[in-house]
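Take a look at the structure below.
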Amino acid sequence: MQFHNYVGSEGDDSSPSDYDWNTDDELEVFGIPPSDPTISSQESCEDSVGESSASCSSAKHSKLIHLFVGMGFSRETVIKAIDENGRDNEEDIMEALLTLTAEKPLTVEKDEALSVLVNMGYPFEEALTAIDKCGPKAHISELADFISASQLEKGLHSPQESPNNKHDASDYTHEKPCQPSGEYYLHTSKKVKLGLGIFNEASQVISRKFPREVANKPYFYFENVALAPKGVWKTISRFLYEIEPEYVDSKYFCAATRKRGYIHNLPTHNRSPLLPIPPLTIQEAFPTTKKWWPSWDRRTKLNCLLTRVAPGPVTERIRKLLEKFGDEPPLHVQENVLVEIRKWNLVWVGKNKLAPLEPDEYEMLLGFPRDHTRGGGVTRTERYKSLGNAFQVNTVAYHLSVLKGRFPNGINVLSLFSGIGGAEVALHRLGMMLKNVVSVEIAEVNRNIIRSWWEQTNQRGNLIEVEDVQKVSSNELSQWITKFGGFDLIIGGSPCNNISGSNRVSRHGLEGEQSSLFYEYFRIVEAVMEIQRDELL
DNA sequence: AATAGTCGGATTTTTAGG
DNA sequence: CCTAAAAATCCGACTATT
């Protein structure tokens, strides 16, 4: 029953599966000479230390480059932006980068259109819907008209009439608890959730009532798997102030499915995605696989990236099977192979040859910098495990983007179940200054990864690493709060071990051994709320 | 009524490194 | 030849969706 919001009557024609770019893309991209969207976004991190380019020698310069490269811009673009704006004003550079990346012609029309529309100020989700409806080849003006029309049609009162004005009405004042009534309304833009997407037009304007205490500082953001056993999300909602989960599939943000539920008290107006928009199909994300991709494998999206990948013998078995037939295996063989392919999330890397994704491909799809989890004694198996448990950075950043303007002087973050630091990376890529980050993570390899990232990105703030969430006392919280002046954001996804459908052994629900740590999340949110409310009075 | 897909766990076998 | 680590191989249920 908690999935009642899936039942949006006519979700059919807006269903994501009928993005019909399949055929278009294949033809087009084949026709285009070697220009790889993926390579341009990845090359950057590789040799960032090699300061051989003659002109740039100062330490400040290279630090700046590193900083912005860490946010996901290509090294080339960063250098250009710094050259144009000087190295002293980081905000100007940031603006220039956003402009440059938005103007840069992308290889695929859809991405380009999306980027342009977003840059014009249209909400990301509406832009996607428009492209979905009008087709990827539609002219920008046509798409813009579509969006305006649909906004009118829905009688949207939102401040989007003048798309160029990104920052007009703020939906509420964050510093002050607005109404003394204690009632609080948050207007989500209409297409929130439904069908595990955020772009279903069947949904209506939703007003959520917040208890007064969560309408105030601090913001919190909770994440877990969407397809939990019955009742789990209802329980989670009950603890987290009766806020309805927002179900989002990360396939709208990258080339892989990732169905997750999010409960938060963030405003939802004027969200904006990270730029550049990542490749949204397998074919765009992995151009080299097109050469080997058989026509009968019609996938455009990968399935969820799990913590384990297919062992070698599986792919070898398929290869031998396929080699028995010619170019076109019989239908029943195709179907059997497809079942295995989908189950193990394989891609084509040679003639009849399949392979699981590499760890660095996981990183790319999930929005992390290349080699984020590499090195420092981290094994391959551990990388898969940590990455499989991680946030999809673009998705989370999209939600957190509303915070950017609210904390121009930096933000204090309490990050629970940090894992490999998806929340930290998301905030950083949004260009937010991280003042104080308390990061709670049980696994040593993950803490090392976060620490390493923190140092590589030249963070000027303060990172405190804590091991066990159960040992975080309210006393300790008080001390941090006093020292930092309070937390602005509490963020984390509690363990899904006993909730995930993949677990055949101990899917015991929210009360399971690991998943019950959700209550620790709740405990800490409560404690921080309590302490900071007292301090404010 | 049938199908598809899922932030996994326990155990055994193989490999890597002395 | 030994040990530790990594890879391979077992293992269904639950539910939204069609």
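Naming convention: chains lettered A, B, ... in sequence-line order (proteins, then strands); numbering from 1 in each chain.
Regarding contacts with the backbone of B:dG8, every side-chain N or O of A:R507 stays at 4.0 angstrom or more from both OP1 and OP2. Checking the phosphate oxygens (OP1, OP2) of B:dG8, no side-chain nitrogen or oxygen of A:S500 falls inside 4.0 Å. Remark: A:N224 is not in phosphate contact with B:dC7, judged by side-chain N or O atoms under 4.0 Å from OP1 or OP2. The phosphate of B:dG8 (OP1 or OP2) has a side-chain N or O of A:N389 nearer than 4.0 angstrom. Between A:T379 and C:dA5 there is no side-chain polar atom (N or O) within less than 4.0 angstrom of OP1 or OP2. For B:dG5, the OP1/OP2 oxygens have a side-chain nitrogen or oxygen of A:R342 closer than 4.0 Å.
Side-chain proximity of A:V505 to the nucleotides B:dA10, B:dC7, C:dA6 is greatest for B:dA10. Checked against C:dT9, B:dG9, C:dA6, the side chain of A:P313 finds its nearest nucleotide in C:dT9. Listed nucleotides B:dG9, C:dA7, C:dT15 differ in distance to A:R380; the shortest reach to its side chain belongs to C:dA7. Looking at the side chain of A:R308, the nearest of the listed nucleotides B:dC7, C:dT9, C:dA6 is C:dT9. Distance from the side chain of A:T307 is smallest to B:dC7 among C:dT9, B:dA10, B:dC7.
A:N303 has its CG atom 9 Å from the C1' atom of B:dT6, to the nearest Å. Atom CG of A:N498 is separated from atom P of B:dA10 by 10 Å (rounded to the nearest Å). Rounded to a whole Å, the CZ atom of A:R298 is 15 Å from the P atom of B:dA4. Nucleotide C:dA13 holds its P atom 13 Å from the CG atom of A:N503, rounded to whole Å.
Nucleotides B:dT6 and C:dC11 are separated by 15 Å at their C1' atoms, to the nearest Å. Going from the C1' atom of C:dG12 to that of B:dT3 covers 16 Å, rounded to whole Å.
In this structure, C:dG12 forms no base pair with any nucleotide, since neither Watson-Crick nor G-U wobble geometry is met with both distances under 3.5 Å. Nucleotide C:dA6: paired with B:dT13 (Watson-Crick or G-U wobble, both distances less than 3.5 Å).
Where A:W344 and A:V339 each meet DNA chain B at their nearest nucleotide, the meeting point lying more 5' is that of A:V339. With DNA chain C read from its 5' end, the first of the two nearest nucleotides for A:G377 and A:R504 is the one closest to A:G377. Checking A:R317 against A:E382, the closest nucleotide of DNA chain C that is more toward the 5' end is the one next to A:E382.
A:R383 and A:T373 share a donor-acceptor pair across their side chains, judged by distance under 3.5 Å alone.
Contact annotation for A:S494: base contact, defined as any heavy-atom pair under 4.0 Å involving a base atom.
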